[in-house]
Participant: 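Dropping the structure in here first, questions after.
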2 protein chains.
Amino acid sequence: MGISKIDKMHSLSKNQQIIFDLIDKSPEPLKAYTILFNVQKKGIKAPLQVYRALDKLVEIGKIHKIESRNAFIACHNSSCQVAKATAFSICEICEKVTEISSAGLSKYLANFKDKDGMKYNKYNLEFFGLCKKCR
Amino acid sequence: MGISKIDKMHSLSKNQQIIFDLIDKSPEPLKAYTILFNVQKKGIKAPLQVYRALDKLVEIGKIHKIESRNAFIACHNSSCQVAKATAFSICEICEKVTEISSAGLSKYLANFKDKDGMKYNKYNLEFFGLCKKCR
DNA sequence: TAACACTATGTAATAATATAACATTTATAA
DNA sequence: TTATAAATGTTATATTATTACATAGTGTTA
Ligand SMILES: [Zn+2]
Ligand SMILES: [Zn+2]
Ligand SMILES: [Zn+2]
Ligand SMILES: [Zn+2]
């Protein structure tokens, strides 16, 4: 059997897998140095090892960076395999972050043209407000 | 005459004015330590003095933070006196940043509801692509 | 296999971004 | 005036991210 090309595209290296697993099972976005602290028992000892894995995971769309928080969250939106078009809601009290998956929103933004008629191939949108629990 | 209440709302302290002037006349977003370097001759010597002024200027909507770049730009959109709803286009080659002022876009986002029907009172959107010159 | 290119890893040092803590001064308003 | 809030000055420190260089693994192909 071996590993097919498609499988290969999604296979992660050792450090990438360790760090992805941690982010994926976290209920909240994780910061780079929180990740570092939590993977030291697995042999990842230096910031650069974390940042390299994060860069790659962002590049292939397995995780996203929440720019306003300098934190990373696993992608839970099957339609964004490429880290190209992301939208999140962020609670300003409890800091809960949810990836928004709205066909209407992504269609609107993908087709948005600025006043020069320019379209953009990539965007990141962060909504802020209060989540259900914190209202 | 004196200073009216409306004028007062827009008056800036000494450090705030120095830092706003620098950002306002810059053709590109400025980073905090670039600002610090450029205002040292005016007596602002410590990072905290810069960050405090930046915080205030963001709060009152005179400047915005470009989160993906950790940089600050003056507001050129008369309708966003409050730092609540911001949208930018960012060129991935030359890093030119432009504030987007589109009634349609702001209306769409202000009225956007997530799948729970939640609305959010604040957002930041960053579009990425190539500007006219870099295409 | 051997040679090559490419990706990933390990490690140390350092750069860049941002905040904590505390003392003092200035502006505003009752 | 007196109280209050806002802004400033200063030192130290915390947090986030990259540079530089050496080594090891992986996949391809001659
Ligand atoms: Zn996603
Ligand atoms: Zn909440
Ligand atoms: Zn603005
Ligand atoms: Zn450009």
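Note on naming: letters A, B, ... go to the chains in the order of the sequence lines (proteins, then strands), and numbering restarts at 1 for each one.
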Participant: To the nearest 10 degrees, what angle separates the axes at the start and end of the helix from C:dT1-D:dA30 to C:dA30-D:dT1, five pairs each?
Facilitator: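 End-to-end axis angle for the helix from C:dT1-D:dA30 to C:dA30-D:dT1: 30°, rounded to 10°.
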Participant: To the side chain of B:Tyr51, which of C:dT19, D:dT10, D:dT18 is closest?
Facilitator: C:dT19
Participant: Measure across A:Lys31 and A:Asn70 and return the closest heavy-atom pair with its distance rounded to 0.1 Å.
Facilitator: CG-O, 3.7 Å
Participant: Rounded to whole angstroms, how far apart are CD1 on B:Ile18 and P on D:dA7?
Facilitator: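 That distance rounds to 14 Å.
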Participant: Are A:Phe112 and B:Phe127 close enough that their ring centres sit under 6.0 Å apart?
Facilitator: yes
Participant: Does A:Lys56 put a side-chain nitrogen or oxygen below 4.0 Å from OP1 or OP2 of C:dT7?
Facilitator: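 For C:dT7, OP1/OP2 do not have a side-chain N/O of A:Lys56 under 4.0 Å.
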Participant: Rounding to a whole Å, what distance do you find between B:Asn70:CG and D:dT15:C1'?
Facilitator: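 Atom-to-atom, B:Asn70 to D:dT15, this comes out as 12 Å.
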Participant: In terms of side-chain heavy atoms of A:Gln16, which of C:dA8, D:dA7, D:dT10 is nearest?
Facilitator: C:dA8
Participant: To the nearest angstrom, how far is B:Arg69 atom CZ from D:dT18 atom C1'?
Facilitator: 16 Å
Participant: Output the rounded distance in Å from CG (A:Leu12) to C1' (C:dT7).
Facilitator: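 In whole Å, C:dT7 C1' lies 13 Å from A:Leu12 CG.
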Participant: Just N and O in the side chain of A:Lys65: are any of them under 4.0 Å from OP1 or OP2 of D:dA17?
Facilitator: yes
Participant: So which nucleotide from D:dT11, D:dT8, C:dG10 ends up closest to the side chain of B:Ala46?
Facilitator: D:dT11
Participant: Classify the side chain of B:Tyr33 and the base of C:dA15 as holding, or not holding, a donor-acceptor pair under 3.5 Å.
Facilitator: no
Participant: By nearest atom, which of the nucleotides C:dT19, C:dT9, D:dT18 is closest to the B:Pro47 side chain?
Facilitator: C:dT19
Participant: Applying side chain to side chain donor-acceptor pair (under 3.5 Å), run through B:Glu67 and A:Ser68 and close with a yes or a no.
Facilitator: CA-CA 6 Å; B:Glu67 293 286 356; A:Ser68 64; 5.4 Å; no
Participant: Could you state the atom-to-atom distance from CD of A:Gln49 to P of D:dA17 in whole Å?
Facilitator: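 Distance, rounded to whole Å: 17 Å.
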Participant: Figure out the NZ/P separation between B:Lys14 and D:dA6, and round it to whole Å.
Facilitator: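 Computing the B:Lys14:NZ to D:dA6:P distance gives 19 Å.
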Participant: To the nearest Å, give me how far apart CG (A:Leu54) and C1' (D:dA17) are.
Facilitator: 11 Å
Participant: Among the nucleotides D:dA7, C:dT11, C:dA8, which one has an atom lying closest to any side-chain atom of A:Lys45?
Facilitator: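 So the side chain of A:Lys45 is nearest to C:dT11.
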Participant: Any idea which of C:dA21, C:dT11, D:dG9 is nearest the B:Arg52 side chain?
Facilitator: D:dG9
Participant: How close or far is atom C1' of D:dT11 from atom CG of B:Leu48, stated in whole angstroms?
Facilitator: 10 Å
